Amino acid sequence: MDRIEAAKELSFRVGFTGHSGHLRIETLPPVERSNPINSLPDFILPPAYPPETPESIREFIKETYLLPRLDPDEFSAEKAGKQWDFDWFDRAKIPLEPSLPRSVVVPTWELPFRRTKRSPGHDIWEPRSEQVDISELTAGAEDSGGLPRIVGPAKDFVKGSLSSRPFRPGGLEDSHSSGRVLPDGASNGEWVREVLHGGPAQTVAPSFKDGMDLGDLRAYSNSWNVYVDQSAVKTMQDVKVEDLSLQFDDLFKKAWEEDVSHYAKDGDVSELQVEIKELGTVESESETNLNNSAVTTTVTEIKSSVLDEILSVELQGPTSILDAGQDGGKEQQKEAWVVSGEGEKIVEQFHELVPDMALTFPFELDPFQKEAIYYLERGDSVFVAAHTSAGKTVVAEYAFALATKHCTRAVYTAPIKTISNQKYRDFCGKFDVGLLTGDVSLRPEASCLIMTTEILRSMLYRGADIIRDIEWVIFDEVHYVNDVERGVVWEEVIIMLPRHINFVLLSATVPNTVEFADWIGRTKKKKIRVTGTTKRPVPLEHHLFYSGELYKVCENEKFVPQGLKAAKDANKKKNTNTAAGRTGAHPGSSAANDRARAHKRESSLQGRQSKHSGSQNFGNSGAVWGNQNNGLGPNTGLRRSEATLWLLLVNKLSKRSLLPVVIFCFSKNRCDKSTDNMTTTDLTTSSDKSEIQVFCDKAFSRLKGSDRNLPQIVRVQGLLRRGIGVHHAGLLPIVKEVVEMLFCRGLVKVLFSTETFAMGVNAPARTVVFDTLRKFDGKEFRQLLPGEYTQMAGRAGRRGLDKTGTVVIMCRDEIPEESDLKHVIVGSPTRLESQFRLTYIMILHLLRVEELKVEDMLKRSFAEFHAQKKLPEKQQLLMRKLAQPTKTIECIKGEPAIEEYYDMYSEAETFNTKIVEAVMQSPGIQQYLSSGRVVVVKSHSAQDHLLGVVVKSPSSNNKQYIVLVLTPDLPSTVQTPSDSSNLKEKKGADLQILVPKSKRGLEDDYYSSVTSRRGSGVVNIKLPHRGSAAGVNYEVRGIDNKEFLSICSCKIKIDQVRLLEDIGAGAYSNTVQQLLVLKSDGNKYPPALDPVKDLKLKDVEVVQAYYKLNILLQKMAQNKCHGCVKLDEHIKLAHELKRHREEVNFLKFQMSDEALQQMPDFQGRIDVLKEIGCVDADLVVQIKGRVACEMNSGEELICTECLFENQFDDLEPEEAVAIMSAFVFQQKNTSEPSLTPKLSVSRKRLYDTAIRLGQLQSDFKLQVDPEEYAKENLKFGLVRVVYEWAKGTPFADICELTDVPEGLIVRTIVRLDETCREFKSAAAIMGNSALYKKMEAASNAIKRDIVFAASLYITGL
């Protein structure tokens, strides 16, 4: 019956029941549901499997997973020893989990003989385990370890974090970090060998309770084949153990070294087969069965052949490399890291080689550009050296295009923030560009990032994950590595970059391009392709401007002496006319006196730098280049002459159509005064004035009303309307950008600028003018370097607009010398030199990571390049020294004691030398060095020194002592005269031989007493005079007192007249015989004068040396070697052994880290960090060190101590940020600010901290003067200015408080905002919430108005 709905949703059913058909009512559920029982069949079969229970499930898992069986098809007896065609480990694809634990438990491998002995019945080895942090296993990139690198949080993706590890630097293959990923025992085959011998296997994984049940293992009879790599040399003589590749990825390397005893010796067979039969037990290992009977060479012979090959390797040239730091000196394949000279073929076939360019250009590429683009397409690193404006940016653009095409990232680094901003504007329309500087972060997710080098360094140290995606890093202005202050940053970045990143280096022409590229290639283990050009796209002409005329002195890099001669003639003519015209005039009105007074005033400025210092004069030997007013007082005549000079120059250039022009002055004040002198000059048309006005109004409209009327802005706008511009660091950033943009548009015709314009702005002109060729570099006035001149002169000549560029050198009163001009104009540019130095923040960053040592950074610096390059030669020399057979001393008196005796002998020689030097320098020694005094003279060729006698003391004619000495060797040419007449002819010659008595004359007979004739003092022999008498050779020579080794206590009688004037052979024989008598006593030399008793020396050091020498002589006399018949022989042998040991130790020292140049400085800095608590005794970075790592703006030690001493606790945010300005302000000489009492106390407290830190560094032998250290790192000139600015004072009012230019004020406050962010991060590390809030309030207080106006390059106009 159908369903019936009743009240309240009650459902029921009516039916019939029984045979009588009685009605029945049945209630139903609210919703009728299907009953699964109704679907069951009437007959149910019994279950196919027994019911599942926990016990049955456990047994199933144990049977399936914990009791593995060998595949009978593969491990059958018939297939024993089969070689599989695949690599097991490559087949084991382990899926990566989405995330990794913070730590893992890994086993520690122990060799079997080092395992602890266990009780009987417990012989199964249970390895120890240790818990290791995952970050320690993933110190490098994903390709430098066995585990993937953990990705950090999204907020640290770009800038990284101090808790992240840096990526593994490229070329750092000898680090030991990889050893921590897999234990040694798991990778050297030891566990396989143990299992195959039937030993217990590790069945329980670390930190698990249960494991596999393998049952009782039995020894497995096995064999395997060993093959030589295909790349190995086929000759058996060249086969190395290291080159043998074993099955299972060298898991059996250790077993190979122990068990392989022979290998096939066949020079023509490339496949070496060695079959090893392993018998069942450990005892049978020594009975290895050899299958090849032809084997004759042992592993020992293999190792010796390796040594022989290393020793026989010829040293290669400078382009070969041998990495001696890896694998204990194992030789690697020598490789050239610098490749150049392939440009011609590439240029000819460029379009075939690069058919599908990532970026096309609307002009024909230069040869060096094509070559560089081809290398980029191949994925090689490139070094491009070319002149300014030659088109190096094309290479950078193509690297950006490749990164976009490959879906990777490219980074463009620049040394100056202005270049970064300008490049951002240039690349914005072409690529997906982002900008990262100290105060700006725009679109960091872009594929092409432009940043300063310091930002990239910070990202590398902090392990930013964005580094993974970078394919190219473009270093612009690489020659900036020569900068003393910031050059070290470039070297740090190059060393720290991971190996997957390629380099694009853009530099001006430098002499040692290949050397620098070779350093990068060797450091990063990458081939560097060097290309470039020395040809300028627009040739330059160099002129001298003198007296209203231009004189050409150089054209096409060739000097033109005719132009210089014409300028000098004009100068001479002008000086002659001036001298004639002022005859009779009052001296005070002469131009010469004016010049003298001006020069005197300028000289008073030498040695000190001022904000308003003017241009400097150039010249040699007192020559003055110009008559200039340096701002020392009003001088109407000089100012008028300067104005006339500039007017003459501009008119001359305008008539020749040589505008626009950039005039380089080397001081900010000089630029401003030069523009003030051109008050009557107007170079713009009405349309130009209108365009300039509209541009300025639009640019300055972003400023608020009071800032628009700043004196500097009003003044510059007035100059710009007349086509005159000024550009230097003292200008406001927005004003500089307006001037740069108007100059690039061609609306500024004359621009007075400092040299930063040439470095930071890509704005070529028609002409470049040098106001002077001297500059102040922060320490002294000096002449411009050729590289600096070339950099600035390169701005002359606009490619595509000018056929030639013009360079003009101003000459006011004097013409420079030809040598000076040649040096500056066509001289060789400055070489790239390392400015690497250790900083505390570098040391702390590297100490955070165990795998990256400070020593690795030092030895990879450009400064250590040449020393590291010579390591292979030193290594081979060391191996030769160690391979030399050592001689042994066989003592006839028992145990050898010659080494102890030789040490005392050497020390005695040292004391004796010191005493002799003191004796010879004493004033009273002259009276002892008279004629007849027996002396000992140093011998430079013989083993023993020479015994002699003083023949004649120094005189006015002869400043040396004339001494007769006995020489050990016969003269090389000896001729005996045949008779007395021949002997007479020989008198006075260089050689004299005593003839027999029968042939001697009367005057040549022997004389036993001196002659009665008084000598005249004339020396008639030619020195040196050699001869022979009594069977002994002698020589008469002139010597200085430094050559005397000893002054003997005895004297002999000599005949000075017959020795030097009459030259009698008998006198020589008599003298020689007397000297021989002195040597016949058994001693080599007669006793010397006692320096204390005889010479009465009283110097404390000499007397101490004298007594120490006597004590040593007594000890030597007591030694059993004293008086031994073999003493001389053993002394020589001990000397050779000691010299050999010293040479070996010296070579080991040179190859060690201790030989690094900056190692002493490193040790001192480590001691300082330990003393102040940044690191502990184990060099573990503490919280104080982590805070110091955050300090990039100021000196890290002073900033850190300031924070930990809570020096900001009692200060308001405005006061704290004012004191912090001392960290970032850079100008030295400023007016003394007037401070509040609270600020004065804070200033004194901070200065005392700096003095204390400076003294601490000085105590640890660092070259630091405490006063200089404090003054150099703390400059309080803008404390009051920043304090008022933080309180809300308008910018115009704070400028009245100081003489610091407005541009420097803005730059300081902008950097101060970055310092506040660093202090906020430090406060978070310290857990100081109050300091965190204070720094945040301080940052907000200074971030306003014109100081933080957005850049026109970034926001557009």
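All heavy atoms count here, side chains included; hydrogens, waters and symmetry mates do not. Everything quoted here is computed from the prediction, not taken from an experiment.
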Does a sphere of radius 6.0 Å around CZ in Arg1311 hold more than 12 heavy atoms from other residues, nucleotides or ligands, not counting ones at 6.0 Å or beyond? yes
State, yes or no, whether a side-chain contact exists between Phe695 and Arg745 at a heavy-atom distance under 4.5 Å. yes
Return the minimal non-hydrogen interatomic distance between Leu647 and Thr681, and the atom names on each side. CD1-OG1, 3.7 Å
For Ala414 and Ser420, work out which heavy atoms get closest and say how close. CB-OG, 3.8 Å
Glu1267 meets the side-chain contact (heavy atoms from CB on, under 4.5 Å) criterion, sequence neighbours left out, with Tyr1247, Ile1251, Asp1265, Lys1271
Between Val726 and Val739, is a side-chain contact (heavy atoms from CB on, under 4.5 Å) present by the stated rule, with each step listed? CA-CA 7 Å; Val726 61; Val739 173; 5.7 Å; no
Just jot down the side chain to side chain donor-acceptor pair (under 3.5 Å) partners of Glu1212, sequence neighbours excluded, or say none. none
Does Lys417 come within less than 4.0 Å of Asp439, counting only side-chain N to carboxylate O? yes
Answer yes or no on whether Arg1344 is positioned over the face of Trp1285, meaning its NZ or CZ is under 6.0 Å from the six-membered ring centre and within 45° of the axis. yes
Exactly one of Arg1317, Lys1320, Arg462 clears salt bridge (Lys or Arg N to Asp or Glu O under 4.0 Å) with Glu1190, and that residue is Arg462
Less than 6.0 Å separating the ring centroids of Phe781 and Phe666? no
List the steps and the verdict of side-chain contact (heavy atoms from CB on, under 4.5 Å) for Trp646 and Phe752. CA-CA 11 Å; Trp646 290 122; Phe752 291 89; 4.1 Å; yes
Please confirm whether the backbone N or O of Met1335 pairs with a side-chain atom of Ser1339, one donor and one acceptor, at under 3.5 Å? no
Are Thr675 and Arg715 linked by a side-chain donor-acceptor pair shorter than 3.5 Å? yes
Residue that, paired with Glu1284, satisfies side chain to side chain contact (heavy atoms under 4.5 Å, CB included) out of Val1279, Leu1297, Asp1293: Leu1297
Here the pair of heavy atoms bringing Ile1305 nearest to Phe1291 is CG2-CE1, 4.0 Å
Can you tell me if Ser701 and Arg708 form a side-chain donor-acceptor pair at under 3.5 Å? no
Non-hydrogen atoms of Ala1286 and Val1217 that approach each other most closely: CB-CG1, 4.0 Å
Is it true that the side chains of Tyr1353 and Glu740 contain a donor and an acceptor less than 3.5 Å apart? yes
Is Glu492 salt-bridged to Arg457, going by a charged N under 4.0 Å from an acidic O? yes
Just checking, any donor-acceptor pair under 3.5 angstrom between side chains of Tyr480 and Gln835? no
Report the distance from atom CG of Leu162 to atom SG of Cys1189, rounding to the nearest 0.5 Å. 5.5 Å
Pair Val662, Arg795 - check side-chain contact (heavy atoms from CB on, under 4.5 Å), show working. CA-CA 8 Å; Val662 177; Arg795 294 302 176 191; 5.6 Å; no
Quick one: does any side-chain atom of Arg837 pair with a main-chain N or O of Val484 as donor and acceptor, under 3.5 Å? yes
Working to the nearest 0.5 angstrom, can you tell me the gap between Leu720 CG and Arg722 CZ? 10.0 Å
Could you work out, with side chain to side chain donor-acceptor pair (under 3.5 Å) as the rule, every residue matching Ser1221, not counting sequence neighbours? none
Looking only at heavy atoms, the pair that brings Thr1298 and Gly1277 closest together is OG1-O, 4.4 Å
Interatomic distance, CD1@Ile419 vs OH@Tyr412, rounded to 0.5 Å, equals 6.5 Å
Testing Thr756, Asn669, Asp672, Thr754 one by one against His728 for a side chain to side chain donor-acceptor pair (under 3.5 Å), which residue passes? Asp672
What are the two closest non-hydrogen atoms of Gly730 and Pro1301, and how far apart are they? CA-CB, 3.5 Å
Listed partners of Tyr461 passing ring pair (Phe, Tyr, Trp, His ring centres under 6.0 Å), at least two apart: His845
Could you check whether Glu1232 pairs with Arg1243 (Lys NZ or Arg NE/NH1/NH2 to Asp/Glu carboxylate O, under 4.0 Å)? yes
Would Ile1354 and Arg425 count as a side-chain contact (heavy atoms from CB on, under 4.5 Å) if you check the C-alpha gap in whole Å, the side-chain angles of each, and the deciding distance to 0.1 Å? CA-CA 6 Å; Ile1354 298 175; Arg425 184 195 65 175; over 6 Å; no
Distance check, rounded to the nearest 0.5 Å: Met792 atom CE versus Phe664 atom CZ? 6.5 Å
Do Thr413 and Thr452 have side chains that get closer than 4.5 Å, going by heavy atoms? no
Nearest 0.5 Å, please: how far is CG in Leu1211 from CG in Asn1206? 11.0 Å
Whether over 12 other heavy atoms sit under 6.0 Å from Lys1238 NZ: yes
For the side chain of Arg443 and the backbone of Val433, is there at least one donor-acceptor N/O pair under 3.5 Å apart? yes
Flag the pair Asp1210 and Arg1245 as a salt bridge only when some basic side-chain nitrogen lies within less than 4.0 angstrom of an acidic carboxylate oxygen. yes
Tell me whether Lys1343 is salt-bridged to Asp1313, with the criterion being a basic N under 4.0 Å from an acidic carboxylate O. yes
Side chain to side chain donor-acceptor pair (under 3.5 Å) with Lys1184: which residues, sequence neighbours excluded? Glu1201
Worked verdict on Thr684 versus Arg721 for side-chain hydrogen bond (donor to acceptor under 3.5 Å, both in side chains): CA-CA 7 Å; Thr684 56; Arg721 281 193 291 268; over 6 Å; no
Hydrogens and angles aside, do Gln1207 and Ser1242 bring a side-chain donor and acceptor to less than 3.5 Å of each other? no
Is it true that Asp682 and Lys749 make a salt bridge, defined as a side-chain N closer than 4.0 Å to a carboxylate O? no
Can you list everything that forms a side-chain contact (heavy atoms from CB on, under 4.5 Å) with Val661? Sequence neighbours excluded, please. Leu653, Leu659, Ile663, Val750, Thr767, Val769
With a sphere of 6.0 Å drawn around CD of Gln693, does it hold more than 12 non-hydrogen atoms of other residues, nucleotides or ligands? yes
SB check Lys775 Glu780 (cutoff 4.0 Å): no
Separation between CG of Leu1304 and CD1 of Ile1309, rounded to the nearest 0.5 Å: 11.5 Å
Would you check if there is a donor-acceptor pair between the side chains of Tyr1269 and Glu1195 at a distance under 3.5 Å? yes
Look at the side chain of Arg670 and the backbone N and O of Cys665, then say whether any donor-acceptor pair between them is shorter than 3.5 Å. no
Test item: Thr1355 side-chain N/O and Ser1351 main-chain N/O as donor-acceptor pair under 3.5 Å: yes
Evaluation steps, side-chain hydrogen bond (donor to acceptor under 3.5 Å, both in side chains), between Glu642 and Ser674: CA-CA 8 Å; Glu642 281 291 302; Ser674 298; 5.4 Å; no
